[in-house]
Amino acid sequence: MTNMKQSEENYRTLEIYALERGIALFGVAKYDPVEARSRLSHQEQDGLSFAISMGVRLSGQVLEGISDCPTFLYQWHYRQANFLLDRVAFQMGGIIQEMGARALPIAASQIVDWEAQTGHLSHRHVGVMAGHGWIGRNNLLVHPRFGAAVRYVTILTDLPLTVDGPVEGGCGMCRACVSVCPARAIGETAQEYDFGRCFAQLKAYRKKVGQYICGICVKACQGTG
Ligand code: B12
């Protein structure tokens with residue numbers, strides 16, 4: 001089999017595996033540690049040249065229940081989304097190993113540096129490279145149809161795969177997230193997103209629902225089509 005054909009077949013096998021397990025979005029990017037804001041060690045990521053990016057959709061009805069504060073149902077939903085992403089990534093890592101390649105599943109929502117508030121790498125930036133959407137005004141990865149109501153996970157691998165590219169698109173005139181943000185942390189561009197304000201608000205919500213979550217800008221962001 002030609003290399004190209006093998007890469008296509010590997011892609012299709014993993015995509016079907018993911019979609020059958022509740023994943024809504026599947027894409028692959030050429031892995032660039034700088035682009036992905038990686039903090040992984042050299043040993044962990046050396047030679048892993050592909051990044052698989054997968055997303056699960058959040059329930060519109062659960063988000064509907066959020067008005068000025070995250071709900072307990074949203075907290076449960078957030079955790080289930082993380083469990084599903086982590087489980088599929090974990091299992092897919094095993095399958096890739098069975099196929100004779102290396103795989104590094106990255107936790108969906110693990111903070112490795114509490115002071116800098118960073119994960120192992122940025123699932124949002126990998127998702128952009130894998131063609132899921134763009135970084136919106138709300139600083140979240142915005143899918144053209146599902147908006148920001150998607151959570152993501154990444155697997156790094158050296159299994160040959162065909163790659164997707166970034167999609168065209170942007171928030172355009174939409175400012176739905178700007179006015180609803182209770183912390184006034186969202187500005188004209190993602191660069192203006194005010195981490196300090198957002199984090200202070202999340203700290204307050206944590207006292208109510210036990211988790212650093214909000215969901216208000218997620219609910220407001222419906223995508224562009
Ligand atoms: C740490 C973290 C947070 C932190 C910091 C957010 C941030 N901007 O990085 C806090 C707790 C604030 C947070 C909040 C939220 N998060 Co969060 N978070 C993460 C996590 C675990 C790591 C992100 C990371 O490494 N960021 C660092 C770099 C890459 O981000 P950056 O934008 O380039 O740089 C930022 C920092 O430098 C920070 N910053 C700037 N100045 C300063 C100053 C100081 C002192 C500090 C400490 C930081 C800081 O702001 C910069 C700009 O955003 C990811 C999962 C992952 N591994 O990707 C989820 C993730 C980004 N979060 C997610 C979500 C949904 C949320 C919330 C909506 C909460 C909720 N679930 O209700 C809010 C929304 C915040 C927003 N609008 O951006 C999703 C996004 C999904 C999507 N569709 O885009 C992710 C991808 C989780 C997932 N598996 O899907 N999050």
At what distance, to the nearest 0.5 angstrom, does [atom1] of [X] lie from [atom2] of [Y]?
X	Y	atom1	atom2	answer
T118	I111	OG1	CD1	8.0 Å
L58	Q80	CG	CD	12.0 Å
I216	C177	CD1	SG	12.0 Å
L202	K207	CG	NZ	12.5 Å
R21	M54	CZ	CE	10.5 Å
T13	E15	OG1	CD	10.0 Å

I need the minimum non-hydrogen distance between [X] and [Y], along with the two atoms involved.
X	Y	value
V153	A107	CG2-C, 4.4 Å
N82	S109	ND2-CB, 3.5 Å
S53	V126	CB-CG1, 4.0 Å
H132	F26	CE1-C, 3.6 Å
A148	N138	CB-ND2, 3.9 Å
G136	A190	O-CB, 3.3 Å

Is the closest side-chain heavy-atom distance between [X] and [Y] below 4.5 Å?
X	Y	value
K208	F72	no
K30	S49	yes
D164	Y11	yes
I96	L14	yes
W134	P144	yes
L140	C217	yes
R12	E9	no
L156	F50	no

Short side-chain donor-acceptor distance under 3.5 Å, [Y] and [X]:
X	Y	result
N10	Q6	yes
H125	R37	yes
S59	H77	no
S38	Y31	yes

task = Can you establish whether the number of heavy atoms outside R102 located under 6.0 Å from its atom CZ is more than 12?
result =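 Buried by this count: over 12 neighbours within 6.0 Å.
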
task = Look at atom CZ of F199 and say whether more than 12 heavy atoms of other residues, nucleotides or ligands are closer to it than 6.0 Å.
result =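 Enclosed: over 12 neighbouring heavy atoms sit under 6.0 Å from CZ of F199.
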
Look at the side-chain heavy atoms of Ile, Leu, Val, Met, Phe, Trp and Tyr, link any pair under 4.5 Å apart, and say whether [X] and [Y] land in one connected group.
X	Y	value
I186	V218	no
I213	Y205	yes
I135	F195	no
L25	L85	no
I52	L104	no

E8 and K5 ion-paired at < 4.0 Å =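 Result for this pair is no, no salt bridge flagged.
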
message = Under the criterion side-chain contact (heavy atoms from CB on, under 4.5 Å), I'd like the reasoning laid out for V150 against Y152: C-alpha separation, chi angles, the key distance, then a yes or no.
response = CA-CA 7 Å; V150 181; Y152 294 90; 3.4 Å; yes

Answer yes or no: is there a donor N or O on one side and an acceptor on the other, between the side chain of [X] and the main chain of [Y], under 3.5 Å?
X	Y	answer
R57	G55	no
Q222	K219	yes
Q211	R206	no
R137	E188	yes
E35	D32	no
D86	A108	yes

inquiry  = Among residues at least two apart in sequence or on other chains, which ones pass salt bridge (charged side-chain N to carboxylate O under 4.0 Å, His left out) with D194?
reply    =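 Applying salt bridge (charged side-chain N to carboxylate O under 4.0 Å, His left out) to D194 gives R197.
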
Option passing side-chain contact (heavy atoms from CB on, under 4.5 Å) with H123 (candidates L141, T154, V128) =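 Option passing the side-chain contact (heavy atoms from CB on, under 4.5 Å) with H123: T154.
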
